[in-house]
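Here is how names work: the chains are called A, B, and so on, in the same order as the sequence lines, proteins then strands, and each is numbered from 1. Side chains included, hydrogens not; waters and symmetry mates left out as well; all remaining heavy atoms used.
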2 protein chains.
Amino acid sequence: MEEKKAVALQETKNKSLKNRKFRELWNRPGYLIRRLHQIHLGLFAEECKDEDVTPVQFGMLSVLASGVEMDQLTLSMSVGVDRVSGADVIKRLERRGLLHRNRSEVDKRARVICITPKGAEFVENVRPKMARAQAKLVAPLTEEELAELERILKKLVEANNDASRAPLGVN
Amino acid sequence: MEEKKAVALQETKNKSLKNRKFRELWNRPGYLIRRLHQIHLGLFAEECKDEDVTPVQFGMLSVLASGVEMDQLTLSMSVGVDRVSGADVIKRLERRGLLHRNRSEVDKRARVICITPKGAEFVENVRPKMARAQAKLVAPLTEEELAELERILKKLVEANNDASRAPLGVN
DNA sequence: TCTTTTTAGGAAGTATGCTACGTTATTTTT
DNA sequence: AAAAATAACGTAGCATACTTCCTAAAAAGA
């Protein structure tokens, strides 16, 4: 009983501690992550302004660039967006002639997505620009900090994967 | 001349190293950050499903909750979104009666935003849920890892602030 | 004072990223 | 084989988050 009380008290303490800690926007991890996401979008857009492409669009194309074919859902999941968002992105990429959406012979519900030669060329063209955006994003860090950041981010994404609305590896 | 050549060679090496490093989605910091951002949105939505509020909406309200008044631009910048996105969010919050948009007497262009009693109550109601979402997001980390993550994120956001499309402290 | 520039906001357009609902096709269960 | 569950996709709707172009007001400079 005594122990239980002590635990409850400790939990209350932790809770109010966290409430205090997260009181300012600047101390909320979620806020910092949102800001960094915005910054990456900005850097990516700047590097790729001639190509007019977004990180998600490039992500999809670079998955397809190895020559694999897959349905819309698999493709969406492999870049970590939900089915509907993915379908939108795919539609826009099709409109630009960077990929094909073929009806599957095996499964009449599915659309099989494959990259076009134009799309493959596009990927190789954009890849160095994407890499520059990534490099700029983490440029302020030392090598040790970058390694630590990547380790922690991967840990968080792996551990919380099911909390996302577009969890990976579900299908 | 020899030195210049060496430097150029080194740069080429670094570049191809980075190209190789960022080849897989999973090793792109921008990708990991986007995923973690999604995860936070998911956790926040889960905690606040009864209230139907987003992190940005809550961010705005919690800035206003101290009783300050400000124009739309200042408010938008203080939570790190651009003018237009901010105006949209403010419109929705006004529709729900959580804040007022009054024409400024001093500057006839500006709208002065202030929180309503209902809005203030809302903030206090939601604050613990927001804190729980933050806590869940970083729950997989040790205290040392959390401290390191926050330090690195702040460093990145500060250093890259101007790269964002909604830089802070500009106005 | 008058002109120029800057600033606050509105409106329209686009992309990402969801939820919810419906349709059709496939798979599983009975 | 028929019924039920599941799965892939489509459509509609909403929120965030930008861009660009516009108007009107304020500030700065000549």
Looking for any heavy atom pair under 4.0 Å, which part of the strands does A:Arg101 touch: base, sugar-phosphate only, or nothing? sugar-phosphate
Expressed as a whole number of angstroms, how long is the span from B:Asp52:CG to D:dT16:C1'? 14 Å
Whole-Å distance between D:dA15 P and B:Ile90 CD1? 15 Å
Using whole Å, report how far NE2 of B:His37 lies from P of C:dG17. 8 Å
For C:dG10, take OP1 and OP2 only and decide whether either is under 4.0 Å from a side-chain N or O of B:Gln72. yes
Here the salt bridge (Lys or Arg N to Asp or Glu O under 4.0 Å) pairs for residues 49-71 of chain A, sequence neighbours left out, are A:Glu51-A:Lys129
Does the A:Asn125 side chain pair with the main chain of A:Glu121, one donor and one acceptor, at a distance under 3.5 Å? no
What is the separation between atom CZ on B:Arg35 and atom P on C:dT16, rounded to the nearest whole Å? 16 Å
Do you know which of B:Leu156, B:Asn161, B:Leu153 makes side chain to side chain contact (heavy atoms under 4.5 Å, CB included) with A:Arg35? B:Asn161
Return yes if some donor-acceptor pair links the side-chain N/O of B:Gln38 with the main-chain N/O of A:Gly80 below 3.5 Å, else return no. yes
Categorize B:Arg111 for me: base, sugar-phosphate, or nothing, with a 4.0 angstrom heavy-atom threshold over every strand shown. sugar-phosphate
From CG of B:Asp88 across to P of C:dA11 the rounded distance in Å is 11 Å
Side chain of A:Gln38 only, heavy atoms from C-beta on: which candidate in D:dT19, D:dA17, D:dA15 is closest? D:dA17
So what does B:Arg96 touch, heavy atoms closer than 4.0 Å: a base, only the sugar-phosphate, or nothing? nothing
If the test is side chain to side chain contact (heavy atoms under 4.5 Å, CB included), which one of A:Val79, A:Thr116, A:Val123 qualifies with A:Leu61? A:Val123
B:Leu73 side chain: which of D:dA12, D:dA17, C:dA8 is closest? C:dA8
With respect to the phosphate group of D:dA15, does any side-chain polar atom (N or O) of B:Gln57 fall under 4.0 Å of OP1 or OP2? no
Spacing between A:Ile39 atom CD1 and D:dA17 atom C1', to the nearest angstrom: 14 Å
OP1 or OP2 of C:dA15 less than 4.0 angstrom from a side-chain nitrogen or oxygen of A:Thr54, does that happen here? no
Side chain of B:Thr74, backbone of B:Met70: donor and acceptor closer than 3.5 Å? no
Could you list all N or O pairs between the protein and nucleotides 25-27 of chain C that sit under 3.5 Å apart?
residue, atom, partner, partner atom, Å
C:dA25, N3, A:Arg109, NH1, 3.4
C:dT26, OP1, A:Lys108, N, 3.1

Specify the separation, in whole Å, of atom NE2 of B:His40 and atom P of D:dT16. 13 Å
By nearest-heavy-atom nucleotide on DNA chain C, the more 5' of B:Arg83 and B:Arg34 is B:Arg83
By side chain to side chain contact (heavy atoms under 4.5 Å, CB included) - contacts of A:Arg101 (at least two apart): A:Gln72, A:Ile90, A:Glu94, A:Leu99, A:Arg111, A:Ile113
Remember a base hit wins even if backbone is also touched, and classify B:Val56 as base, sugar-phosphate or nothing at under 4.0 Å, heavy atoms. sugar-phosphate
For the pair B:Ser85 (side chain) and B:Val81 (backbone), establish whether a donor and an acceptor sit closer than 3.5 Å, ignoring hydrogens and angles. no
Within this structure, what is the NZ-to-C1' distance between A:Lys49 and D:dC18, rounded to whole angstrom? 17 Å
